[in-house]
Amino acid sequence: MSQYHPYAERFPVNRSLPAHGRDRAEIVAELAQLAAEEDKSWEAGTVSGSYYCGDHDNYAFLGEVFAKFAHVNALQRDVCPSATRFEGEIIAMTLDLFHADAVTDTEPAGIVTSGGTGSILHGVLAHREWAASVRGVTRPNLVRPETAHPAFTKAAHLFGVEVRTAPIDPTTTLVDVDAMAGLIDDQTIMLIGSAGNYGYGTIDPIDRLSDLALARGVGLHVDGCLGGFILPWGEQLGYDIPPFDFRHPGVTSISADTHKYGYGFKGSSVCAFRDKAMRNSLYFFQTDWSGGKYFSPGIDGSRSNGLLASTWAAMVSYGQDGYREHAKAIFETAFAMQDAVRSHPELIMMGTPTFCFSFRSDEFDIYHVNDFMRTRGWRFNGQQYPNSIHMAVTGPQTQPGVVDRFRTDLADAVPYAIEHRDQQPRSAAIYGGVPGGLTPDADEFIQSMMGTMLDQHQSIPKLADPV
Ligand SMILES: *Cc1c(COP(=O)(O)O)cnc(C)c1O
């Protein structure tokens, strides 16, 4: 049985609706078992990213809040004015965090979306609409650093925007601003910068990108999906973190994921705009529809008010002091882990990172280190060109003993990598995870993996009917 379908042997596989509805208590018991088993994979603190707070008390609290509003459609505000309170305050708190008070010539605004990709989609769409109406742009392009998240390429693909890509400096991992300048033309709607980028966690020179955007009359979206809810606390705590927000006058929008370091449930993020007029270009309405006058502020139709409620609840329950305290533990853990990496002359840090760091080697393929660390329960995220692996430090890594375990296991992994340097490593670079046995010619594998995610009714062989 495939490693992706471990439950097929233990539980019934539903190829059609069960003829008779199952007992709720039995369902809950079955799922509690799955959840408890799967949570074990990260609870010890060996998994990069994903479980940002890693605090079951917070998850239980958010679940309680979610349950009160999950069934409510946030599109129908007459019956749920609570959604207006939650959404408006999520946006206001986020704008404040990004120093919207520094903006004097326009009115800042935002929109709550379904995740980082959702915020990036809304950011690109708003810039396209704005450039079309204000500048008459008809063949839009965006200029991005090579490190920008694929969600920008996805947005460009969906919205008919050309993608132009600037290289990064291989040592600092930061975008070559002059190269970006050379890619701008009269059809450019926006530049992209990351704070920090997903691969290396490093922060592009947003000050210079801001100057460039202003000089050329284009927008600048700062992708703070990963760093947006942690870097501001790091700046306040005095770490070497440059401002990346609306204090730079060229920054026109910022994406920041409440479902990452905002410690909310998966399925929420904010896209903040310097100018309400640009945000308003996301508005959609069809007033002549026989079904009634229809309008929605962004791309989504119906949304669960439970996500707005639980995101809001996460933000107000942590508060500034809570976020700052958690950020401090995460930064200090990350810096201690980076010291462990730097103690090995064979390992090279990618640029100057903070809470998320990536490293590589000139002595061996770093995926040998990954192969070994996997045997000790570590799960990194893998990069390529050059091969490197990253750790986005989260709450679970701040538990006592995790840094020591990292240091010890890494000290065993390096000799293993040296010993196996002439062989092919078992793991390779896959976003969000590093499975074994991935050959360099991966397109077909990736296609079949996506199929496996969706088509279990075809990929699991039919066994005798379960009892
Ligand atoms: C996670 C991430 C995204 C995309 O977010 P999703 O929530 O996965 O859609 C975009 N940019 C960066 C830098 C990220 O880390």
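For this chain, numbers begin at 1 and follow the sequence in order. We use all heavy atoms of the structure for the numbers below, so side chains are in, but hydrogens, waters and symmetry mates are not. Both counts, for ligands and for their atoms, begin at 1 and track the order of listing. Since the model is a prediction, treat every value here as computed from it, not as a measurement.
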Report task. Would you mind listing which atoms of ligand 1 come within a distance below 4.0 Å of any non-hydrogen atom of Gly196? Result -> 13 (C)
Query raised in the report: Do Arg274 and Thr252 get their side chains close enough for a donor-acceptor pair, meaning under 3.5 Å?
Result: no
Requested in this report: Return yes or no for this condition: an N or O of Asp223 is under 3.5 Å from an N or O of ligand 1.
Outcome: yes
Query - Nearest-0.5 Å distance, CG of residue Asn370 to NE2 of residue His390 - result: 11.5 Å
Query raised in the report: Is the shortest N/O to N/O distance between Gly116 and ligand 1 below 3.5 Å?
Result: yes
Query raised in the report: Going by the angle between their ring planes, with limits at 30° and 60°, are Phe273 and His127 parallel, tilted or perpendicular?
Result: tilted
Query raised in the report: So is there a nitrogen or oxygen of His149 less than 3.5 Å from a nitrogen or oxygen in ligand 1?
Result: no
Query raised in the report: Pick one: which of Phe229, Tyr59, Tyr318 meets ring-ring contact (aromatic ring centres under 6.0 Å, His included) with Tyr263?
Result: Tyr318
Query raised in the report: Within the side chain of Thr188, is there an N or O that forms a donor-acceptor pair under 3.5 Å with the backbone of Met190?
Result: no
**Report entry** Distance-only N or O hit between ligand 1 and Asn197, under 3.5 Å
**Finding:** no
**Report entry** Atom indices of ligand 1 within 4.0 angstrom of Thr117 heavy atoms, with elements
**Finding:** 4 (C), 5 (O), 6 (P), 9 (O)
Report summary line: Quick note on ligand 1: atoms under 4.0 Å from a heavy atom of Ile120 include exactly 10 (C)
Query raised in the report: Aromatic rings Phe331 and Tyr239: how do their planes relate, parallel, tilted or perpendicular, breaks at 30° and 60°?
Result: tilted
**Report entry** Ser269 and Thr258 side chains, donor-acceptor separation under 3.5 Å
**Finding:** no
Query raised in the report: Applying a 4.0 Å heavy-atom criterion (strictly less than), which segment of Cys225 is in contact with ligand 1: side chain, backbone, both, or neither?
Result: side chain
Query raised in the report: Touching ligand 1 at all, Lys260? Heavy atoms, strictly under 4.0 Å?
Result: yes
